[in-house]
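Right, one structure below, let's go through it.
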Amino acid sequence: MTTNLDLYRCMYLIRQFEERALAEFSTGKLFGTTHAYIGQEADAAALFAALGPDDVIFSNHRCHGHFLAYGGDPYRLAAELMGRATGLVGGRGGSQHIHWRNFYSNGIQGGIVPVATGIGLAEKAKASGAISVVFLGDGTLGEGALYESINIASLWQIPVLYVVENNRYAQTTPTELAVAGSMADRFKAFGIETWEAASSDVLTLLPVAREAVDHARSGGPAACILHTYRFSAHSKGDDPRDPAEIAKIRVEHDPLTIHAPRIDSVARASVEAEIDALIDDAFTRAANDPFPTLNVE
Amino acid sequence: MTTVLESLNSALHTALETDPRVYVLGEDILDPYGGAFKITRGLSTRFPERVLTTPISEAAIMGICNGMALRGLRPVAEVMFGDFVTLMADQLINHAAKFRWMYNDQVRVPLVLRLPMGGRRGYGPTHSQSLEKHLLGAPGLKAVAPNSLGSPADLLLAAIADDDPVLFVEHKLLYTRPLLEEKDLLDWKVSDSGGAYPTFTLRTSNIEASHLTIATYGYNFELAREAARELMYEYEIFSEIVLFSQLSPFELNPLFDSLRRTGRLLTLEEGAATLGWGAEVAARTAEQGPSEVRIRRLGARDLPIANAKSLEDAILPSVQDIIQTARILLEK
């Protein structure tokens, strides 16, 4: 059973990891790009509390939060971000292209959706009992491959859960300029059971996540649309939003601030100290690891 | 007498019979129709659970195969016309081709995409192309092409057994061709490189010093033989033919062996010649092959493939084009 403290631990871990990753960019230890999950932590905490250990996850460019909630090692993720040989995929993939156990990510919007649908079909064929979960954003709703996939998932009753995290901006483009009509109706039109929630409170999201996961596990596709807020820029410096708007959502919709009062302050301080040390160790160790070399036959 | 079509069809039956991980996906592949070119005939009747007819959704077909392959199945996808592979390009280039290397060799993507390519049937600009050249340069993808000399069934079974994604490039005109028998090859001494995707070398019987090497694959081997015969009887020009089953990655040693004997290379393909398969073969020959090889490339003109037969014939490489190009190569 997932406790309030477990949920807090998960969200705090993600927050600390992402804050540290952004900070390391300014020190030059990270290169390339990164897409912080800050503000959306309740989505991952709720969904992964509802998922089982054998379920197969396909995430996108903003995958760190999902990976950490999945149980992934922050040290190996940090090493991957720093392009080290000890990284999750030996420095070959970087921030957006990682794999560990049943967790995969790729940086192509929409392209991961049919892949995850095929994964669900494979798990069904193998009768493994696992479901496939794929994370989309509001921006991904513009990609045609999504609609091809949900049509087939419904026709073939594939156990796949489509999670749309609507953080209201596709890079810099607000949903008002990119998404016509209803998000939920897109899935419903294909006969897919759809859940929807607009909250940064992990306890509001948890029962929604459980229902959607249970439905997919019962054998058919499900969709779960979570309206959330991204506090950080899309990647690093590309945030033309009004700072006042960001300040306001940080005050009103911070999943950690919402959830923290539910936990005993001593226990909370202890968990925070433990995670602070874990993150510091992860980044410090990773920074001293070797860079990979290319071995060509 | 077995046709290429029957050979490919039998391979799919065998694969489904012998390996429960094999699935076949594509548009209109169910019986009684059995696919636009009938390669999948009979499969859905025998294996209804593993032969899946799909909506017209090429990107999803390919993506679903990627997901199935990642998780231990061995999907074989058919795209109705190879021209539609453009709709699958993201799934091939950014997913199938990358997963194994990008995930640090921790995964495999064992899938086959069957691509009926080629013209000469009057299908016009979007149903007649040979688009494989656009994918030959994508690291992580393997491309092979059956022909009437090797066993198309063995080639397809090898592709299905391969742990990496394989593009299986079939020329539509090959389907009804019979597999060659000994009596069809009396003019030739045939050797092959062995391996799962063999390269065949055909040398004119009783001739030690041939004048040129024609490098080709798939259906164009039919044209190459016809041209070689005419070159021999009409012009006393003796050819070797190096017939590739594997288009990429490029393995050119059997070709270089032939070029050491002939010193002249004619590459022949049906796709537009610019930046094509032959261009890469020619470049590698110049860099790594025997010195002082004269080279000409022959492929389609850089135009869409027209519908009218007179135009289509003028755009695609013909037997007469091969003969003319060979004679140019032989000029002093």
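What's counted below: heavy atoms across the whole structure, side chains too, no hydrogens, waters or symmetry copies. In what follows, chains carry the letters A, B, and so on, assigned in the order in which the sequence lines appear, proteins first and then strands, with residues in each chain numbered from 1.
Taking every heavy atom of both residues into account, B/P55 and A/N151 meet most closely at CG-ND2, 3.6 Å. Heavy-atom minimum distance, A/I112 versus B/H95: N-CE1, 3.7 Å. The two residues B/Q106 and A/L88 make their nearest non-hydrogen contact at NE2-O, 3.3 Å. Considering all non-hydrogen atoms of both residues, B/Y103 and A/I98 come closest at CE2-O, 3.3 Å.
The number of heavy atoms from other shown groups lying within 6.0 Å of CZ (A/R101) does not exceed 12. In the displayed structure, B/L275 atom CG is contacted under 6.0 Å by at most 12 heavy atoms of other residues, nucleotides or ligands.
Atom CD in A/E143 sits 8.0 Å away from atom CG in B/D90 (nearest 0.5 Å). Taking OH from A/Y104 and CG from B/N66, the interatomic distance works out to 12.0 Å, rounded to the nearest 0.5 Å. We find the CG-NE2 distance between B/N104 and A/H97 to be 14.0 Å, quoted to the nearest 0.5 Å. With values rounded to the nearest 0.5 angstrom, B/R21 atom CZ is found 11.0 Å from A/K126 atom NZ.
There is no contact between A/Y147 and chain B, counting heavy-atom distances below 4.5 Å. For chain A, the nearby parts of B/N94 are the backbone and the side chain; heavy atoms of each come within less than 4.5 Å. With a 4.5 Å cut-off on non-hydrogen atoms, B/L73 touches chain A through its side chain but not through its backbone. In this structure, no portion of A/V113 lies under 4.5 Å from any heavy atom of chain B. Both the backbone and the side chain of A/A125 come within contact range of chain B, each with at least one heavy atom under 4.5 Å from a heavy atom of that chain. For chain B, the nearby part of A/W156 is the side chain; its heavy atoms alone come within less than 4.5 Å.
Within the 4.5 Å cutoff, the side chain of A/L121 has no heavy atoms near those of the B/Y23 side chain.
Chosen from A/G110, A/S149, A/S105, the residue pairing most often with chain B at heavy-atom distances under 4.5 Å is A/S105. In terms of heavy-atom pairs under 4.5 Å with chain B, the best-connected choice from A/I108, A/V56, A/T117 is A/I108. Taking chain A as the reference chain and counting heavy-atom pairs below 4.5 Å, the highest number among B/M68, B/K98, B/R50 is found for B/M68. Between chain A and the options B/L52, B/L25, B/L87, heavy-atom pairs under 4.5 Å are most frequent for B/L52.
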Only distances under 3.5 Å count here; give the side-chain donor-acceptor pairs of residues 56-64 of chain B to other protein atoms, sequence neighbours excluded, each with its distance to 0.1 Å.
none

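Proximity of a side-chain donor or acceptor of B/R71 to a complementary backbone N or O of A/E123 within less than 3.5 Å is not detected.
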